[in-house]
Structures are given as C-alpha cells and as structure tokens.
Student: 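Here you go, one structure.
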Amino acid sequence: MTTDLNKFINASNMLLTKKQRTLRKWFKLDTFDNCTYDSNYTTLELKNTDNSLIFKTMLMGCYCLDSRTWFWGWDDKFSNNASSEIKETSKQLWEFTGISHFMSPSFSCTKIMANELCAMYVKHIDALGMYKITEDNKIIYLALIDTKDK
C-alpha cells in the first residue's frame, strides 16, 4: 500500500470514530433497545420505551461471520434493493484507492477489513456515521445518511 492510501484509510478510521462519538452524544444511540431496518424504504428505526428515531440509510454491505465473507450492498444476490448509487460510490472508491475489493461483489476478509472499507465509504459519501446490526450470524453495515421525521 502506498503512503497516501494508508493516510486515507487512517483518516477514514479516525473520522468514523469521531462521527460515531458524535452520534452517541447527539442521539444517545446506546439507549435504544430495538431496531428495525426497512430495506424497501432504506430506513433504520431505533426505539425504546420513551423515544423513536428514524435514519435514512444506505446499505453498505454484510459480513458473514461463519464464512468470513463480505457482500456489498450493491450486489443483487445480497440485496433486494440494490442501488446504482451504492455501486457508483464503490466504483469511485475503487478509482480513488485502487482497492479492487470495491468492485468485487463478495470476497473473503476480516471484520477489521470490513470496518475499514465501510469507514472509507462513510468518509467518501460524508454520512453521519455507521450502524451495525448483528443477526443470524451476519453483521449488516448501514451508512446513516440523515435523520428522518416519523
């Protein structure tokens, strides 16, 4: 890896850490008991007994814990609602970084690598941050784009 690419990856990771802290502070994300992801409307609703919060999201992808495989959200095999916008973002990141994984629908990787790819994604699209949902031995990675009124 080149020095510039390492700097971009490190900057992306640091920015994501900062954004996640801000999200926890502003929206108190750690206080919500339930979450519902609606792939048709690309929304994430967080609920507890007192509050409800809805985010407009972009599905970045999914990490399968058993096979240690990453699947991009733009891959039709993974997502019913694969978006050309998601694929275009991956293409831009591939062109910028030279990392071929941005153009591979799925590939073997570690959770650390999945997080780094998503950090670069969040930085590139200037998302508010990221939300992960663990279910059925997989982790779904969502970029939080904006808050949405109920």
Side-chain angles (χ1 to χ4, degrees), residues 8-94 96-97 99 101-150:
F8 179 70
I9 292 169
N10 289 336
S12 298
N13 285 326
M14 288 190 312
L15 180 62
L16 180 60
T17 299
K18 182 180 176 184
K19 286 180 179 236
Q20 295 302 106
R21 263 192 233 117
T22 301
L23 281 171
R24 282 194 290 282
K25 181 179 174 183
W26 284 353
F27 299 111
K28 301 185 181 2
L29 292 185
D30 299 332
T31 66
F32 292 94
D33 302 322
N34 300 316
C35 72
T36 304
Y37 173 62
D38 185 332
S39 62
N40 293 324
Y41 295 101
T42 62
T43 58
L44 172 70
E45 183 174 15
L46 302 173
K47 292 182 190 177
N48 62 23
T49 54
D50 301 325
N51 295 317
S52 177
L53 178 62
I54 299 175
F55 286 97
K56 182 77 176 147
T57 65
M58 184 180 284
L59 172 64
M60 291 183 284
C62 173
Y63 182 76
C64 292
L65 296 166
D66 284 343
S67 63
R68 295 182 177 179
T69 304
W70 174 260
F71 296 90
W72 282 112
W74 53 259
D75 182 18
D76 292 332
K77 292 176 196 155
F78 170 67
S79 172
N80 296 341
N81 201 14
S83 143
S84 59
E85 180 184 4
I86 298 168
K87 189 161 189 170
E88 181 59 29
T89 299
S90 289
K91 182 181 177 194
Q92 291 168 2
L93 280 164
W94 168 67
F96 180 74
T97 64
I99 298 172
H101 293 315
F102 283 112
M103 295 308 294
S104 300
S106 63
F107 50 89
S108 195
C109 74
T110 64
K111 279 196 297 186
I112 292 170
M113 184 177 179
N115 279 314
E116 287 180 340
L117 292 169
C118 289
M120 288 183 270
Y121 209 97
V122 165
K123 179 176 175 34
H124 185 72
I125 64 172
D126 195 25
L128 296 173
M130 175 173 74
Y131 195 84
K132 296 187 276 188
I133 302 170
T134 303
E135 65 175 33
D136 299 332
N137 219 13
K138 66 183 174 197
I139 304 170
I140 299 169
Y141 288 76
L142 302 171
L144 302 177
I145 305 302
D146 202 357
T147 55
K148 187 174 177 167
D149 292 328
K150 210 168 180 188

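What you see below is based on every heavy atom in this structure, not just the backbone, and it leaves out hydrogens, waters and symmetry mates.
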Student: Working to the nearest 0.5 angstrom, can you tell me the gap between Ile9 CD1 and Met14 CE?
Tutor: 12.5 Å
Student: What's the spacing between Ile139 CD1 and Thr134 OG1 if we round to 0.5 Å?
Tutor: 4.5 Å
Student: Please find the pair of heavy atoms, one from Phe27 and one from Thr147, that lie closest to each other, and give the distance.
Tutor: CZ-CG2, 3.4 Å
Student: List the atom of Cys64, the atom of Phe71, and the distance in Å for their closest heavy-atom pair.
Tutor: SG-CE1, 3.5 Å
Student: Looking at every heavy atom in both Gly129 and Leu23, which two are closest together, and how far apart are they?
Tutor: CA-CD1, 3.7 Å
Student: Is it true that Glu116 and Ser12 share a donor-acceptor pair across their side chains at a distance under 3.5 Å?
Tutor: no
Student: For residues Thr43 and Thr57, determine if any side-chain heavy atom of one lies less than 4.5 Å from a side-chain heavy atom of the other.
Tutor: no
Student: Mind checking the CE-CZ spacing from Met113 to Arg68? Nearest 0.5 Å is all I need.
Tutor: 14.0 Å
Student: Please table the atom pairs, donor to acceptor, closer than 3.5 Å between any side-chain atom in residues 117-124 and protein atoms at least two apart or in another chain.
Tutor:
from   : atom 1 : to    : atom 2 : distance (Å)
Tyr121 : OH     : Ile86 : O      : 2.9
His124 : NE2    : Gln92 : OE1    : 2.7

Student: Heavy atoms, side chains only, cut-off 4.5 Å: are Asn115 and Lys132 in contact?
Tutor: yes
Student: Give me the ring orientation class for Tyr141 and Trp70: parallel if the planes are under 30° apart, tilted from 30 to 60°, perpendicular past 60°.
Tutor: perpendicular
Student: Using the test side chain to side chain donor-acceptor pair (under 3.5 Å), find all partners of Asp66 that sit at least two apart in sequence or belong to another chain.
Tutor: Asn137
Student: Walk me through whether Leu53 and Leu29 qualify under side chain to side chain contact (heavy atoms under 4.5 Å, CB included).
Tutor: CA-CA 9 Å; Leu53 178 62; Leu29 292 185; 4.2 Å; yes
Student: With rounding to the nearest 0.5 angstrom, report the NZ to OG1 distance, Lys47 to Thr31.
Tutor: 14.5 Å
Student: What is the minimum heavy-atom distance between Cys35 and Leu46, and which atoms define it?
Tutor: CB-CD2, 3.4 Å
Student: Under the side chain to side chain contact (heavy atoms under 4.5 Å, CB included) rule, what do Lys19 and Asp126 come out as? Steps first, then yes or no, please.
Tutor: CA-CA 10 Å; Lys19 286 180 179 236; Asp126 195 25; 3.2 Å; yes
Student: Which heavy atom in Ile145 sits nearest to a heavy atom in Ile125, and how many Å separate them?
Tutor: CD1-CD1, 3.7 Å
Student: To the nearest 0.5 Å, how far apart are CG in Leu44 and OH in Tyr131?
Tutor: 6.0 Å
Student: Are the ring centres of Phe96 and Phe8 closer than 6.0 Å?
Tutor: yes
Student: For Ser52, is there any backbone N or O sitting under 3.5 Å from a side-chain donor or acceptor partner on Glu45?
Tutor: no
Student: Does a sphere of radius 6.0 Å around CZ in Arg24 hold more than 12 heavy atoms from other residues, nucleotides or ligands, not counting ones at 6.0 Å or beyond?
Tutor: yes
Student: Grab the two heavy atoms, one from Trp94 and one from Ile99, that are nearest each other, plus how far apart they are.
Tutor: CD1-O, 3.2 Å
Student: Going by atom types alone, do Ser90 and Trp72 pair a side-chain donor with an acceptor below 3.5 Å?
Tutor: no
Student: Using only atom types and a distance under 3.5 Å, with no angle test, would you say the side chain of Lys56 pairs donor to acceptor with the backbone of Tyr41?
Tutor: yes
Student: Using a 3.5 Å distance criterion without hydrogens, assess whether the side chain of Thr42 forms a donor-acceptor pair with backbone atoms of Met58.
Tutor: no
Student: Rounded at 0.5 Å granularity, tell me how far CG in Leu142 sits from CZ in Phe55.
Tutor: 11.0 Å
